[in-house]
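Here the structure comes first, spelled out in structure tokens, and everything after it is commentary.
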Amino acid sequence: MTAITLLDNALALLATTRALSPEYVQYALPLINILLAETAPYDNSIRAAKGLAEAQDAPEITALSDTLPAQPELCAAALAYGLCARLLLNEDDMARMAYFNNAYISALEDAARFVPAAVTDVYGGDAQ
């Protein structure tokens, strides 16, 4: 998915378009980069569950035409909801912003994967 597709999906949730809301377009790139940094741990959990190498640094894009460096599970919903919430931060409708932020957090938790790892018993003794 490209960043422009993500923006279009978010704007659709807000019942608007790039043509009708150019002010949202001008803020989209930095907001998407913030979201990519915020969601990096979730992206890495999905990568690890798939057996892929984890990203060492927070991913970043330089243009709205760039492909998002995130797993499809995050792109499908979480990033769109998160972008909606961030775009609405300067609006007067905090209830709507909170709705999208809650949907964002919920979608992040839905996308996260548990990755089993060996645990070392540092205390000794018998396991209960």
Side-chain angles (χ1 to χ4, degrees):
M1 174 184 289
T2 63
I4 200 73
T5 302
L6 172 63
L7 175 60
D8 288 341
N9 290 349
L11 293 176
L13 288 168
L14 297 173
T16 191
T17 65
R18 284 183 272 151
L20 294 173
S21 300
E23 68 281 5
Y24 287 158
V25 178
Q26 81 181 65
Y27 296 113
L29 184 62
L31 292 175
I32 291 170
N33 279 325
I34 291 168
L35 287 169
L36 289 172
E38 286 178 355
T39 60
Y42 295 91
D43 189 67
N44 276 338
S45 77
I46 296 167
R47 288 175 179 277
K50 291 179 177 180
L52 302 173
E54 295 182 24
Q56 297 303 310
D57 298 318
E60 197 171 273
I61 58 171
T62 58
L64 291 176
S65 59
D66 289 352
T67 298
L68 294 172
Q71 294 299 300
E73 294 86 340
L74 288 177
C75 296
L79 292 177
Y81 289 133
L83 185 55
C84 284
R86 300 314 178 268
L87 290 171
L88 292 172
L89 281 173
N90 290 326
E91 302 292 330
D92 290 331
D93 193 349
M94 287 296 108
R96 198 165 166 216
M97 189 280 300
Y99 167 80
F100 284 115
N101 197 61
N102 289 339
Y104 167 60
I105 299 300
S106 180
L108 281 178
E109 295 302 323
D110 288 345
R113 298 293 179 261
F114 173 75
V115 181
V119 176
T120 303
D121 182 1
V122 297
Y123 298 106
D126 296 327
Q128 298 288 330

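Nothing fancy with the numbering, it's 1 onward along the sequence.
- Legend: residues meeting side chain to side chain donor-acceptor pair (under 3.5 Å) with Glu38, ordered by chain and number and at least two apart, are Arg86, Tyr104.
- Annotation: salt bridge (Lys or Arg N to Asp or Glu O under 4.0 Å) contacts of Asp66 (sequence neighbours excluded): none.
- Both Ile32 and Leu89 belong to a common hydrophobic cluster when Ile, Leu, Val, Met, Phe, Trp and Tyr are linked at side-chain heavy-atom distances under 4.5 angstrom.
- Qualifying side chain to side chain donor-acceptor pair (under 3.5 Å) partners for Ser106, counting only residues two or more places apart in sequence or in other chains: none.
- Taking both residues in full, the closest heavy atoms of Leu64 and Ala28 are given as CD2-CB, 4.1 Å, listed atom of the first, atom of the second, then distance.
- Taking CG of Asp93 as the reference point, atom OH of Tyr99 lies at 12.5 Å (rounded to 0.5 Å).
- The two atoms that bring Leu108 and Leu74 nearest to each other are CD2-CD2, 3.7 Å, heavy atoms only.
- Taking Thr67 as the reference, nothing meets the side chain to side chain donor-acceptor pair (under 3.5 Å) condition, with sequence neighbours excluded.
- Contacts of Ala12 classified as side chain to side chain contact (heavy atoms under 4.5 Å, CB included), with partners at least two apart in sequence or in another chain: none.
- The structure places CG of Asn9 at 9.5 Å from CG of Leu83, a figure rounded to the nearest 0.5 Å.
- Not a single salt bridge (Lys or Arg N to Asp or Glu O under 4.0 Å) links Arg96 to another residue, sequence neighbours left out.
- Judged as a salt bridge (charged side-chain N to carboxylate O under 4.0 Å, His left out), not a single pair has a partner in residues 25-35 (not counting sequence neighbours).
- The list of salt bridge (charged side-chain N to carboxylate O under 4.0 Å, His left out) pairs with a residue in residues 97-108, not counting sequence neighbours, is empty.
- Arg18 has its side chain within reach of Asp8: a pair of non-hydrogen atoms, C-beta onward, lies under 4.5 Å apart.
- Taking 4.5 Å as the limit, some side-chain heavy atom of Leu11 sits within range of a side-chain heavy atom of Thr16.
- Here the closest heavy-atom approach between residue Thr2 and residue Ser65 is recorded as CG2-O, 3.7 Å.
- A search for side chain to side chain donor-acceptor pair (under 3.5 Å) contacts involving Gln56 returns nothing, not counting sequence neighbours.
- Under the side chain to side chain contact (heavy atoms under 4.5 Å, CB included) criterion, Met94 pairs with Met97, not counting sequence neighbours.
- Residue pairs that meet the side chain to side chain donor-acceptor pair (under 3.5 Å) test with at least one member in residues 22-33, sequence neighbours left out, are Tyr24-Glu91.
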Side-chain polar contacts of residues 43-50 - donor-acceptor pairs under 3.5 angstrom, sequence neighbours left out - could you list them?
unit_1: Asp43; atom_1: OD1; unit_2: Gln71; atom_2: N; d: 2.6
unit_1: Asp43; atom_1: OD2; unit_2: Arg47; atom_2: NE; d: 2.8
unit_1: Asn44; atom_1: OD1; unit_2: Ala55; atom_2: N; d: 2.8
unit_1: Asn44; atom_1: ND2; unit_2: Ala55; atom_2: O; d: 3.1
unit_1: Ser45; atom_1: OG; unit_2: Tyr42; atom_2: O; d: 2.8
unit_1: Ser45; atom_1: OG; unit_2: Arg113; atom_2: N; d: 3.2
unit_1: Lys50; atom_1: NZ; unit_2: Gln71; atom_2: OE1; d: 2.8
unit_1: Lys50; atom_1: NZ; unit_2: Glu73; atom_2: OE1; d: 3.3
unit_1: Lys50; atom_1: NZ; unit_2: Glu73; atom_2: OE2; d: 3.2

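- When side chains are defined from C-beta on, Pro69 counts as touching Ile61, because their heavy atoms get closer than 4.5 Å.
- Shown here for Leu35 and Gly82, the closest heavy-atom pair between the two residues is CD1-C, 3.7 Å.
- To the nearest 0.5 angstrom, Leu14 atom CG is 12.0 Å from Leu20 atom CG.
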